[in-house]
Amino acid sequence: MLSINDKHIDFFQSVYDVVRLIPEGRVTSYGAIARYLGAPRSSRMVGWAMNAAHTQSGVPAQRVVNRNGLLTGKAHFSTPTQMEELLEAEGIQVKDDRIVNFKEIFWDPSIELEL
DNA sequence: AGTTTGACGCCTA
DNA sequence: ATAGGCGCCAAAC
């Protein structure tokens with residue numbers, strides 16, 4: 001699925017690129033990433049891309065949650081507690097698989113990177 | 001080649 | 001507030 005043409009950059013690669021830009025201590029949602037990539041209705045693709053995120057390096061997958069601030073992807077980490085542990089290590093409070101103050105630490109690429 | 005399934009989001013009842 | 005349906009695109013069956 002590699003492409004030699006720059007015209008259509010891999011969707012996966014683009015997702016990883018955005019995720020890498022998420023500042024420490026901040027989080028974003030699948031929908032926000034999809035919207036930033038120009039596919040507002042394709043949040044599922046972001047999720048699919050994240051499925052293979054662990055194969056990439058420098059991709060803080062724990063900073064990507066669903067629009068409710070729920071750690072929906074925690075099952076895909078090494079251990080069921082890995083995700084929240086990583087988040088808490090960055091100063092993000094997690095309560096019952098949900099990010100506390102989600103609205104405050106939310107980082108929207110389409111806004112933060114609009115310039 | 002048709003069907004099912006996602007680490008989702010949004011609208012409607 | 002909760003539940004269910006549809007959309008959207010790619011990969012696995």
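In what follows, chains are A, B, ... by sequence order, proteins preceding strands, each numbered from 1.
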Cluster overlap I33(A) with V27(A), hydrophobic side-chain contacts below 4.5 Å: no
Looking at R20(A), I want to see if its CZ is surrounded by more than 12 non-hydrogen atoms of other residues, nucleotides or ligands under 6.0 Å. yes
Which atom of P109(A) lies closest to which atom of A32(A), heavy atoms considered: CG-O, 3.7 Å
V59(A), L37(A): one ILVMFWY side-chain cluster at the under-4.5 Å cut-off? yes
Counting only heavy atoms from other residues, nucleotides and ligands, does the tally under 6.0 Å from CD of Q93(A) exceed 12? no
CG of L87(A) versus P of dA7(B): gap in Å, rounded? 18 Å
Given side-chain contact (heavy atoms from CB on, under 4.5 Å), test I92(A) with I99(A) step by step and report yes or no. CA-CA 7 Å; I92(A) 298 176; I99(A) 294 179; 3.7 Å; yes
Which atom pairs link the protein and nucleotides 1-6 of chain C when you take only N or O atoms and keep those under 3.5 Å?
none

Whole angstrom value for the distance that separates P of dC8(C) from CE of M45(A): 11 Å
Looking for any heavy atom pair under 4.0 Å, which part of the strands does N51(A) touch: base, sugar-phosphate only, or nothing? base
I would like to know whether Y36(A) and L21(A) meet side-chain contact (heavy atoms from CB on, under 4.5 Å); could you show each step before the answer? CA-CA 12 Å; Y36(A) 176 71; L21(A) 295 176; 5.5 Å; no
For atom CZ of F11(A) and atom C1' of dA10(C), their distance in whole Å: 10 Å
When you measure from the side chain of S29(A), which nucleotide among dG9(B), dA7(B), dA11(C) comes out closest? dG9(B)
P atoms of dT4(B) and dG5(C), separation to the nearest Å: 15 Å
Selection from dA7(B), dC8(C), dG9(B) that lies nearest to any side-chain heavy atom of S42(A): dC8(C)
Which atom pairs link the protein and nucleotides 10-13 of chain B when you take only N or O atoms and keep those under 3.5 Å?
from    : atom 1 : to     : atom 2 : distance (Å)
dC10(B) : OP2    : R67(A) : NE     : 3.4

Can you tell me the distance, in whole Å, between the CG atom of N68(A) and the P atom of dG9(B)? 7 Å
Any chain of hydrophobic side-chain contacts (each under 4.5 Å) joining V65(A) to L86(A)? yes
Spacing of I99(A) atom CD1 relative to dA7(B) atom C1', expressed in whole Å: 13 Å
Between dG7(C), dA12(C), dC9(C), which nucleotide gets closest to the side-chain atoms of W48(A)? dA12(C)
Among the candidates dA7(B), dC8(C), dC9(C), find the nucleotide nearest to the side-chain atoms of H76(A). dA7(B)
Between P on dC9(C) and CD1 on I33(A), what's the gap in Å once rounded to a whole number? 18 Å
Whole angstroms only, please: what is the CD-C1' distance between E84(A) and dA7(B)? 15 Å
Atom-to-atom span, CG of N66(A) to P of dG6(B) - whole angstrom: 16 Å
Could you list all the ring-ring contact (aromatic ring centres under 6.0 Å, His included) pairs where at least one residue sits in residues 76-103 of chain A, not counting sequence neighbours? F102(A)-F106(A)
Would you mind checking if E90(A) and R26(A) are paired as a salt bridge, meaning a charged N to carboxylate O distance below 4.0 Å? no
So what does A75(A) touch, heavy atoms closer than 4.0 Å: a base, only the sugar-phosphate, or nothing? nothing
